[in-house]
Student: 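Once you've had a glance at the structure underneath, I'll fire off some questions.
Everything quoted here is computed from the prediction, not taken from an experiment.
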Amino acid sequence: MAGRRPRGGGGGMAGERPEEHRAFVALHGAALGASGVPPLYWERLRHKLENEVFDAGEFFGIMQVEEVEEEEDDNEEIEGELKKKPNPGNELCYKVIVTNENGLQAANPNSIFLIDHAWTYRVEHARQQLLHVPGLLHRMANLMGIDFHGEVADEGAIEQVLQEMWKYNQTYQLSQGTAEEKVPVWYIMDEFGSRIQHSDEPTFATAPLFYIPQQIAYTVLWPLRDLETGEEVTRDYAYGETDRLIRKCMLLPWAPTEVLDVNYSTPEPSEDHYQAILNKNKEKLPVAINPPVYDKNKIFKVYTDLPQILNNLKHPRFEFTEDEGEADILYNFSHFKDYRKLSEERPHVMLNQFPCEHLLTVKDCLASISRRVGGTEGPKWLPRTFNLHTELPQFISYFQQRERRGEDNHWICKPWNLARSLDTHITNNLHNIIRHRESSPKVVSKYIESPVLFHREDVGMVKFDIRYVVLLRSVKPLKLYAYDVFWLRFSNRAFSLDDLDDYEKHFTVMNYASGVTLKQVHYDEFIPLFEKQYPEYSWKTVQAEIFKAFAELFQAASAKPAPFGICDYPSSRAVYAIDLMLKWDTTRDGKRTMQPQVLEVNFNPDCDRACKYHPTFFNDVFSTLFLDETNNCHVTYIV
């Protein structure tokens, strides 16, 4: 039986209730257009959604096919493939076929069908839902052909579903709402939808549709040509992609293949790549200006929308204004776009951001510009990173080479520009990483498998990361300072390379998760504890390596003119937070060293803790950046 609760067709055709149709198009037209659903079907689709008409069963049937492997004993490649399959031999396979005796006409406005979703979830909740939602594990195991007959949730079966589900997953994300609500949603279609097989020449197309009146998502299915009775319903699992190599990579979860012949080196992208990013960001570069010169006793008027500055900046040389037009300094929370206008009309006005600083703060750009230091492999201070959108074949080749050599293959998938570890996943499952490319734009970085750990008396050896605040005074000449206080974040469970979805073991950002304890250790308490745990490593030496990495990073970011590097705009200043970890490395002569690993660079970081424990924080920042006075400020000159 295809679909759920079949109900007959019938009901209002286009033209009968034009105002309802107009309202439907106003709500869903943009989404339907973007998904390529022909307008011919929209009116019947509205009717089916409104009345919950699931009539696929009247047109289609699921057929069970036994795939008998052909006996070609001399063909070693097929032998090898057989050994890789979970249960070699005769495999049960399903197909969906047209069963209606009149076939199906693409020109018929009724030839559009709803597919229900069997399971909708966010990746981080999958394991818990399989454990606790009654009947879910059973249904998923059946749908995926996994042996599970028990009543009690069995860890082995859950693990298999979590591995196999990437062959069945589809995704969408909401365009409105909080950052948390915009995290991609994954879903598995019901038994009918999940049985539709792949074809490079598909007979049907599918697209998810979020039906706003009921706040529910369906998949919509429509034909690409006329079909006769008995013809198979197929869709293209790499829909929209025309490049042969990329298609091969995208289809790898269903058609295992090796791409070891692809060179996995990733040179820095072309200048066109950076130009395209600038255009997409709608940023207008400034004209050349002379650095402004101010009277040495001038009191600067500051316009800001940041409460932390309004409440904490007490320096006598700065005063606040609510009139943006009379400000000497604009210190804004959101990104500034039109530098050209500002540079032409008010070149003396200083501001807290640089044109093209996305090259540091967006993760794919950070990886690109860092290759100026370390060549195609990237520098030692950045985990090996691939842009899943533009470097998928190189990544798969690198993954498969590591697999062949028996090297660790744990990776972390991160969205280009979400903070707070949102939509970030650790996995050693290649299919999982390949499919994540279909949700929001992501990079994949080598997961640090041998981090330097910190002993917490209550839990044992845990991961920790370190946040430094750096102050960029200028690009030419490059002037960079680090604030003398750094911040620490700790995991809540002892580290080991398993339970990859255990947030409190693998992540350190605890201040946004509800009901989770946040371990705080101040930097001045941390240093003696660290040196006691690692007597051969003085913090001073470790920090020197960290600052060397920062220097190289900012030298790389400013090595080329905008838009290929951070723009040399004399009125710009900026504060960034750099998050990093330490990992164990070995020198050529076999000595163990602590190697800093830059994780990300954040624009306009949350300085709440800084202000709370160091009330002069913003006085020091403003004095360094806008007055060029660093005496009595808690900053260290890096470059």
Student: Please check if the side chain of Thr206 supplies one atom and the backbone of Val220 the other of a donor-acceptor pair under 3.5 Å.
Tutor: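 No, Thr206 side chain to Val220 backbone: no donor-acceptor pair under 3.5 Å.
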Student: Say whether, by atom type as modelled, one donor and one acceptor occur between the side chain of Ser397 and the main chain of Val262 under 3.5 angstrom.
Tutor: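 Side chain of Ser397 to backbone of Val262, a donor-acceptor pair under 3.5 Å: yes, one is there.
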Student: Indicate the ring-plane relationship of Phe564 and Tyr274, choosing parallel, tilted or perpendicular according to the 30° and 60° boundaries.
Tutor: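 Rings of Phe564 and Tyr274: perpendicular, as their planes differ by over 60°.
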Student: Let's go through Asp272 and Ser270 carefully: what are the C-alpha distance in whole Å and the side-chain angles of both, what is the deciding distance for side-chain hydrogen bond (donor to acceptor under 3.5 Å, both in side chains) to 0.1 Å, and is it a yes or a no?
Tutor: CA-CA 5 Å; Asp272 292 348; Ser270 68; 4.6 Å; no
Student: Which atom pair, heavy atoms only, marks the closest approach of Ile115 to His117?
Tutor: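 Scanning both residues completely, I find the closest heavy atoms to be O-CD2, 3.8 Å.
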Student: Could you tell me how the ring of His410 sits relative to the ring of Tyr447: parallel (under 30°), tilted (30 to 60°) or perpendicular (over 60°)?
Tutor: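 Geometry flag for Tyr447 against His410: tilted rings.
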Student: Flag the pair Lys414 and Glu600 as a salt bridge only when some basic side-chain nitrogen lies within less than 4.0 angstrom of an acidic carboxylate oxygen.
Tutor: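 Salt bridge: no.
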Student: How far apart are the closest heavy atoms of Arg247 and Ala238, and which atoms are they?
Tutor: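 It is NH1-O, 3.3 Å.
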Student: Using a strict threshold of under 4.0 Å (side-chain N to carboxylate O), is an ion pair present between Asp498 and Lys505?
Tutor: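 A salt bridge is present here (some side-chain N lies under 4.0 Å from a carboxylate O).
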Student: Between CG of Asp408 and CD1 of Ile448, what distance do you get to the nearest 0.5 Å?
Tutor: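 The CD1 atom of Ile448 is 11.5 Å from CG of Asp408, to the nearest 0.5 Å.
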Student: Hey, does Ile546 have a side-chain heavy atom less than 4.5 Å from the side chain of Ile578?
Tutor: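 Ile578 vs Ile546: side chains apart.
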Student: Quick one, Arg435 and Gln170 - any side-chain contact, counting heavy atoms below 4.5 Å?
Tutor: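 Yes; the side chains approach each other to less than 4.5 Å.
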Student: If you look at every heavy atom in Arg384 and Glu377, which pair is closest and at what distance?
Tutor: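 It is CD-O, 3.4 Å.
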Student: Please assess His358 against Asn281 for the test side-chain hydrogen bond (donor to acceptor under 3.5 Å, both in side chains), listing each intermediate value before the final yes or no.
Tutor: CA-CA 9 Å; His358 57 264; Asn281 287 344; 3.3 Å; yes
Student: CD1 of Ile433 to CG of Leu388: how many Å apart, nearest 0.5 Å?
Tutor: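 Result: 7.5 Å between the selected atoms.
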Student: Of all residues at least two apart in sequence or in a different chain, which pass the side-chain hydrogen bond (donor to acceptor under 3.5 Å, both in side chains) check with Glu241?
Tutor: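 If we apply the side-chain hydrogen bond (donor to acceptor under 3.5 Å, both in side chains) test to Glu241, skipping adjacent residues, there are no hits.
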Student: Starting at CD1 of Ile246, measure out to CG of Leu392 and round the result to the nearest 0.5 Å.
Tutor: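 It is 5.5 Å, given to the nearest 0.5 Å.
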Student: Any idea which heavy atoms bring Lys380 and Gln597 closest together, and the distance?
Tutor: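 Closest approach of Lys380 to Gln597: O-NE2, 2.7 Å.
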Student: Is any side-chain N of the basic residue among Asp499 and Arg493 closer than 4.0 Å to the acidic one's carboxylate O?
Tutor: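 The answer is no: the pair does not qualify as a salt bridge.
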Student: Tell me if a side-chain donor or acceptor on Ser35 pairs with a main-chain N or O of Val37 at a distance below 3.5 Å.
Tutor: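 Not a single qualifying donor-acceptor pair exists.
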Student: For the residue pair Arg372 and Gly565, what are the closest heavy atoms and their distance?
Tutor: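 Scanning both residues, the minimum pair turns out to be NH1-CA, 4.3 Å.
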Student: Taking side-chain hydrogen bond (donor to acceptor under 3.5 Å, both in side chains) as the test, write out the residues that go with His431, two or more places apart.
Tutor: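 Scan of His431 (side-chain hydrogen bond (donor to acceptor under 3.5 Å, both in side chains), adjacent residues dropped) gives none.
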Student: Keeping Asn602 on the side-chain end and Pro605 on the backbone end, is there a donor-acceptor pair under 3.5 Å?
Tutor: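 Flag not set: sc Asn602 to bb Pro605 has no pair under 3.5 Å.
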Student: Do you see a donor-acceptor pair shorter than 3.5 Å between the side chains of Asp589 and Thr587?
Tutor: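 Yes, Thr587 and Asp589 have a side-chain donor paired with an acceptor closer than 3.5 Å.
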Student: Given Met189 and Asp116, is the side chain to side chain contact (heavy atoms under 4.5 Å, CB included) satisfied, shown in steps?
Tutor: CA-CA 6 Å; Met189 291 185 276; Asp116 219 354; over 6 Å; no
Student: Between Glu357 and Phe354, is there a donor-acceptor pair closer than 3.5 Å when you use the side chain of the first and the backbone of the second?
Tutor: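 Here the side-chain-to-backbone pair exists.
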Student: Check the angle between the aromatic planes of Tyr187 and Tyr172 and answer parallel, tilted or perpendicular using the 30° and 60° thresholds.
Tutor: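 Tilted.
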Student: Would you check if Ser440 and Asp423 make a side-chain contact, meaning some heavy-atom pair closer than 4.5 Å?
Tutor: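 The answer is yes; the side chains approach within 4.5 Å.
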Student: With a 4.5 Å heavy-atom cut-off, do Ser194 and Tyr94 have their side chains touching?
Tutor: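 In short, these two side chains do not touch, never coming nearer than 4.5 Å.
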Student: How many angstroms lie between atom CD1 of Ile396 and atom CE of Met250, to the nearest 0.5 angstrom?
Tutor: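 Here the interatomic distance stands at 10.0 Å.
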Student: Does Leu227 form a side chain to side chain contact (heavy atoms under 4.5 Å, CB included) with Phe60? I'd like the steps, not just the answer.
Tutor: CA-CA 11 Å; Leu227 284 96; Phe60 311 108; over 6 Å; no
Student: Mind checking whether His436 and Trp166 have parallel, tilted or perpendicular rings, split at 30° and 60°?
Tutor: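 Ring orientation, 0 to 90° scale: tilted.
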Student: More than 12 heavy atoms of other residues, nucleotides or ligands under 6.0 Å from NZ of Lys548: yes or no?
Tutor: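 No, because the 6.0 Å sphere around NZ of Lys548 holds 12 heavy atoms or fewer from other groups.
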Student: Is the closest side-chain heavy-atom distance between Leu252 and Gln400 below 4.5 Å?
Tutor: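 Of all side-chain heavy-atom pairs linking Gln400 with Leu252, at least one is under 4.5 Å.
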Student: Given 3.5 Å as the limit, does a donor-acceptor pair link the side chain of Thr203 with the main chain of Thr234, or not?
Tutor: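 Confirmed, Thr203 side chain pairs with Thr234 backbone.
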Student: Can you see which heavy atom on Pro253 is nearest to which on Cys249, and at what distance?
Tutor: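 Heavy atoms of Pro253 and Cys249 come nearest at CD-O, 4.2 Å.
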Student: Could you walk me through whether Arg404 and Glu258 satisfy the salt bridge (charged side-chain N to carboxylate O under 4.0 Å, His left out) test, starting with their C-alpha distance in whole Å, then the side-chain angles of each, then the deciding distance to 0.1 Å, before giving a yes or no?
Tutor: CA-CA 11 Å; Arg404 193 169 257 201; Glu258 288 190 329; 3.3 Å; yes
Student: Would you indicate whether the side-chain heavy atoms of Phe192 and Phe113 approach each other to under 4.5 Å?
Tutor: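 No; the side chains remain at least 4.5 Å from each other.
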Student: Sub-3.5 Å donor-acceptor pair from the side chain of Glu545 to the main-chain atoms of Val542, do we have one?
Tutor: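 Not at all, since once roles are kept as given, no pair shorter than 3.5 Å links the two residues.
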Student: Should Glu407 and Arg405 count as an ion pair when the cut-off is N to O under 4.0 Å?
Tutor: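 Here Glu407 pairs with Arg405 in a salt bridge, since their nearest N and O are under 4.0 Å apart.
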Student: If you round to the nearest 0.5 Å, how far is CE of Met165 from NZ of Lys167?
Tutor: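 So the gap between those two atoms works out to 13.0 Å.
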Student: I'd like to know if Glu391 and Arg437 make a salt bridge, using a cut-off of under 4.0 Å between side-chain N and carboxylate O.
Tutor: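 Not counted as a salt bridge, because no side-chain N and carboxylate O are separated by less than 4.0 Å.
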Student: Can you confirm whether Thr376 sits close enough to Tyr264 that some side-chain heavy atom of one is under 4.5 Å from a side-chain heavy atom of the other?
Tutor: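 Counting from C-beta outward, Thr376 and Tyr264 never come under 4.5 Å.
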Student: Parallel, tilted or perpendicular: which one describes the rings of Tyr398 and Trp411, with boundaries at 30° and 60°?
Tutor: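 Rings of Tyr398 and Trp411: perpendicular, over 60°.
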Student: Is the backbone of Asp190 close enough, under 3.5 Å, to the side chain of Arg195 for a donor and an acceptor to pair up by distance?
Tutor: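 No, Arg195 side chain to Asp190 backbone: no donor-acceptor pair under 3.5 Å.
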Student: Under a 4.5 Å cut-off applied to non-hydrogen side-chain atoms, are Lys583 and Lys446 in contact?
Tutor: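 Result no, sub-4.5 Å side-chain heavy-atom pair not found.
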Student: Are Met594 and Trp584 close enough, and set up right, to give a side chain to side chain contact (heavy atoms under 4.5 Å, CB included), and what steps lead you there?
Tutor: CA-CA 5 Å; Met594 291 183 180; Trp584 290 110; 3.5 Å; yes
Student: For His198, does the NE2 atom sit with more than 12 other heavy atoms under 6.0 Å from it, leaving out its own atoms?
Tutor: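 Yes, NE2 of His198 has more than 12 neighbouring heavy atoms, counting only those of other groups under 6.0 Å.
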Student: If I take atom OG from residue Ser370 and atom CG from residue Leu360, how far apart are they, to the nearest 0.5 angstrom?
Tutor: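 Answer rounded to 0.5 Å: 8.5 Å.
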Student: Side chain to side chain contact (heavy atoms under 4.5 Å, CB included) for Leu366 and Val443? Distances and angles first, verdict last.
Tutor: CA-CA 11 Å; Leu366 174 67; Val443 296; over 6 Å; no
Student: Ring-plane angle category for Phe547 and Tyr468, please: parallel below 30°, perpendicular beyond 60°, tilted otherwise.
Tutor: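 Taking Tyr468 first and then Phe547, their aromatic rings stand perpendicular (interplane angle over 60°).
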